[in-house]
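Structure first, then comments.
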Protein chains: 2
Amino acid sequence: MAKKKTSIKDIAKALGISITTVSFILNGKAREKRISEELTRKVQDYIQEIGYKPSHLAQSLRLGKSKVIVFMVEDISNSFFASIARLIEEKAYKNGYKIIYCSTDNDSEKAKELITTFKMRNVDGFIITPTPNLDNAILELLDEGLAVVLFDRWIPGIDCSYVVVENEISAYEATKHLIQGGCNNVGFVTVESSQTQMVDRLKGFQHAVKESNTKHSILEVKFHAIAEQEASEKILEFLKNHADLDGLFFSTNYLAFEGLQSLARLHKQIPKDVKVVSFDDHYFFNLYQPQISAIEQPLESIADKLMESILLQLDENSLGRKFQKITLPNELHVRQSSR
Amino acid sequence: MAKKKTSIKDIAKALGISITTVSFILNGKAREKRISEELTRKVQDYIQEIGYKPSHLAQSLRLGKSKVIVFMVEDISNSFFASIARLIEEKAYKNGYKIIYCSTDNDSEKAKELITTFKMRNVDGFIITPTPNLDNAILELLDEGLAVVLFDRWIPGIDCSYVVVENEISAYEATKHLIQGGCNNVGFVTVESSQTQMVDRLKGFQHAVKESNTKHSILEVKFHAIAEQEASEKILEFLKNHADLDGLFFSTNYLAFEGLQSLARLHKQIPKDVKVVSFDDHYFFNLYQPQISAIEQPLESIADKLMESILLQLDENSLGRKFQKITLPNELHVRQSSR
DNA sequence: TTGAAAGCGTTACCAT
DNA sequence: ATGGTAACGCTTTCAA
């Protein structure tokens, strides 16, 4: 059933030449090693004919690099991460890298386990949305000379490449947009988190409301609650307790989705009763009636920078470690929900 | 910078024993090989102490299996595939397998290329949503003894495991639901495709309308058009040309999304003017006002069966190849859009 | 009870 | 110009 795999040795034997020669030709070193045109041709033809493909496994073992990058995110089924996955895939494959994915659920124990598992697989690099308390694990990776790029959030105090967006500024602007649109009491629904992206969004919101001395309330939902769908109830309760809110800013799209459901249940009209803006744009925000204003993260640029940054570290020729710390701007799309 | 990796050899040297002994202990064969409790303990302690992890790469090379499964889908950013990705991930990791993903864009050339690339990586198995014309590539994989499971669609004439859903029956039922709800002229919007899942959905629709002799029209959008967003226009045009449609059945959720936009633009009321049902449920269908009726595919079961089936093939102990051909039932959720 | 050594498929150094 | 061979890190057979 299973066909015997042909190896470089078989080729050498079949052609009555040495392994070395075949290897050189295979690696395009025929010229350099001054192997005759004729032999080169012959070998290439034969290789073509039998459809030989070198074993990446053996190469990895020999070269010490596996050409595999781990894409470790909070949840690969989340549309933001899935989209990034799709975008980096292309660039990775183009550069000869494969991508293994895994989801941490924002659980640091799970993340640490995953990291050790991958280390024994000799992967070359990690693209990570760090969970809380991942400092040491990341430091170790760096210490072992692995390529690492963080994204979506970064870890203060760790000198490491990252690609994030302007969370604070965008949150500030979105909030200001609500206030300038006439909101006198604006609510901020976010996830309880000490991670940079959430902290910054909160800061942006607070900056805006304080600046204009606007009445406001904040709801922080626990992360696990989102998975367990009690987020919806929390939001409903929040909206009931703050019936006079005339503006709502959600720090993530999934919170906004829950919020929209709650608003519908309370028969609140958007934007008449309450204006709505969400962080992290989504296809549906355009589809929903009314269309929902949102801050769009530049997915393409994020993916570009992510790959650029990790390839830079993976590049043999670049001397010394080159860290890139990139913060990309977002775009606020004002739609019906906040006009 | 880069720490030297400790190998089994280093351990042997450090402890003044042979590599073999260490290997035996590492692989839990201490008992079997009757290695003294004392030595075993010593080795284990040392391993613990220096935090040694065996190289999976070397093991793979030696054992001839990499413990890697390729998850090759149409588009990993599509929520259906991303959700499945999330679900199989867990099961795979639990069984010591890692998952590499890739997207084919339903392009058979790309798919073939990806398959050859992965073969040289010595992956153990493939979970694939086959593109058209992938027959030979799949047959080769099977022939080489690799584990293969198709899903979402299968390839008639190829004896291979697959996990699909009851496309025809569900499409039939959904259409019948519209007709029984009073629709006299129902439209079917689908993707132009010769693949089983789409063919079956079309069959189901046709069966239902013919059975009840109901007036109907069909729009087949080209696959590439969806990516290029001209699908939206096609659908708009279709709706204009068939202004008397009072029922609409979309064969996929992304077509339904486009359709909803078009209906909104034409100021058609759902379900008053036209009732709507879509294949492939989505979080958003619950959120949309009115809520959209949809056929939900059993994601969990699909993922379960996918892993079960591939692990069965991967299992050393199971004699002979065991193909599983699984067809799972869906669930029609009747919501406001078709009541 | 433990060890030596072959072999998995490569690459690259050192010979010739 | 081409070939022999050690090494990458591991498993496993055979020998002691």
Side-chain angles (χ1 to χ4, degrees), chain A residues 2-44 47 50-67 96 119-124 316, chain B residues 2-43 47 50 52-67 96 119-124 144-145 316:
Chain A
K3 229 185 281 183
K4 205 189 81 194
K5 282 235 161 197
T6 48
S7 79
I8 203 169
K9 200 197 280 176
D10 301 321
I11 296 175
K13 204 180 294 171
L15 263 41
I17 56 178
S18 93
I19 292 182
T20 316
T21 311
V22 180
S23 176
F24 282 149
I25 295 175
L26 238 31
N27 293 304
K29 295 189 181 166
R31 264 256 134 63
E32 186 187 326
K33 298 293 176 181
R34 298 194 258 178
I35 289 168
S36 70
E37 281 275 323
E38 194 196 328
L39 184 55
T40 306
R41 213 103 270 88
K42 199 169 95 184
V43 173
Q44 280 170 340
I47 285 170
I50 64 167
Y52 164 81
K53 298 281 171 208
S55 156
H56 247 282
L57 219 57
Q59 287 180 329
S60 299
L61 182 60
R62 181 63 237 246
L63 276 340
K65 32 201 76 251
S66 60
K67 289 277 183 178
K119 278 203 266 192
M120 43 192 273
R121 288 221 170 236
N122 298 68
V123 300
D124 296 338
E316 312 268 87
Chain B
K3 226 186 279 180
K4 208 191 78 194
K5 282 232 156 196
T6 49
S7 77
I8 201 170
K9 198 197 283 176
D10 301 322
I11 296 174
K13 203 181 295 172
L15 262 42
I17 56 177
S18 92
I19 293 181
T20 316
T21 311
V22 181
S23 176
F24 283 151
I25 295 174
L26 238 30
N27 293 307
K29 296 192 179 163
R31 264 259 133 61
E32 186 186 328
K33 298 293 176 180
R34 298 194 256 182
I35 290 168
S36 71
E37 281 274 326
E38 193 194 332
L39 185 55
T40 306
R41 192 116 262 104
K42 198 169 92 183
V43 172
I47 284 171
I50 63 166
Y52 166 80
K53 297 281 172 207
S55 157
H56 245 282
L57 218 55
Q59 287 179 326
S60 298
L61 184 60
R62 181 63 234 242
L63 275 339
K65 33 200 78 257
S66 60
K67 288 277 187 180
K119 277 203 265 189
M120 42 192 274
R121 288 218 170 240
N122 298 66
V123 301
D124 295 340
E144 289 172 34
E316 312 268 272

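Atoms considered below: every heavy atom in the structure, side chains included; atoms not considered: hydrogens, waters and symmetry mates. Since the model is a prediction, treat every value here as computed from it, not as a measurement. Proteins come first, then strands; the chains are lettered A, B, ... in the order of their sequence lines, and each starts at number 1.
Among the atoms of the strands shown, base atoms are found under 4.0 Å from some heavy atom of B:T20. At a threshold of 4.0 angstrom between heavy atoms, the contacts of B:S23 include nucleobase atoms, whether or not backbone atoms are also involved.
In this entry the distance linking CZ of B:R121 with P of C:dC8 reads 22 Å, nearest Å. Note: CD1 (B:I8) to P (D:dG9) measures 11 Å, nearest angstrom. Whole-Å rounding puts the B:K65 NZ to C:dG9 P distance at 13 Å. Rounded to whole angstrom, the span from the CG atom of B:N122 across to the P atom of C:dC8 amounts to 13 Å. Taking atom CG of residue A:L57 and atom C1' of nucleotide D:dG9, one finds them 12 Å apart after rounding to whole Å. Computed from coordinates, the A:Q59 CD to D:dG9 C1' distance equals 17 Å when rounded to whole Å. Computed from coordinates, the B:K9 NZ to D:dA7 C1' distance equals 8 Å when rounded to whole Å. The separation between B:E38 atom CD and C:dT2 atom C1' is 14 Å, rounded to whole Å.
At D:dG9, none of the side-chain N or O atoms of B:Y52 fall inside 4.0 Å of OP1 or OP2 (strictly under the cut-off).
Judged as a side-chain hydrogen bond (donor to acceptor under 3.5 Å, both in side chains), and not counting sequence neighbours, the contacts of A:K119 are A:E140, A:E144. In this structure, the side-chain contact (heavy atoms from CB on, under 4.5 Å) partners of B:N122, at least two apart in sequence or on a different chain, are A:S55, A:L57. Every residue two or more places apart in sequence or in another chain that forms a side-chain contact (heavy atoms from CB on, under 4.5 Å) with A:I50 is listed here: A:T6, A:I11, A:Y46, A:Y52.
Against DNA chain C, the stretch residues 11-19 of chain B makes heavy-atom approaches under 4.0 Å through B:I17, B:S18. Of all the residues in residues 26-37 of chain A, A:K33, A:R34, A:I35, A:S36 reach under 4.0 Å from DNA chain D with at least one non-hydrogen atom.
Proximity note for B:A58 (side chain, C-beta onward) versus C:dA12, C:dG3, D:dG9: the nearest is D:dG9. Residue A:L61 places its side chain closer to D:dG9 than to any other of D:dG9, D:dT12, D:dT2. Closest approach to the A:F24 side chain among D:dG3, D:dT12, C:dT10 is made by D:dG3 (side chain taken as heavy atoms from C-beta onward).
The side-chain hydrogen bond (donor to acceptor under 3.5 Å, both in side chains) pairs that include a residue from residues 16-32 of chain A are A:S18-A:T21, A:S23-A:N27, A:R31-A:E37, where partners are two or more places apart or lie in different chains.
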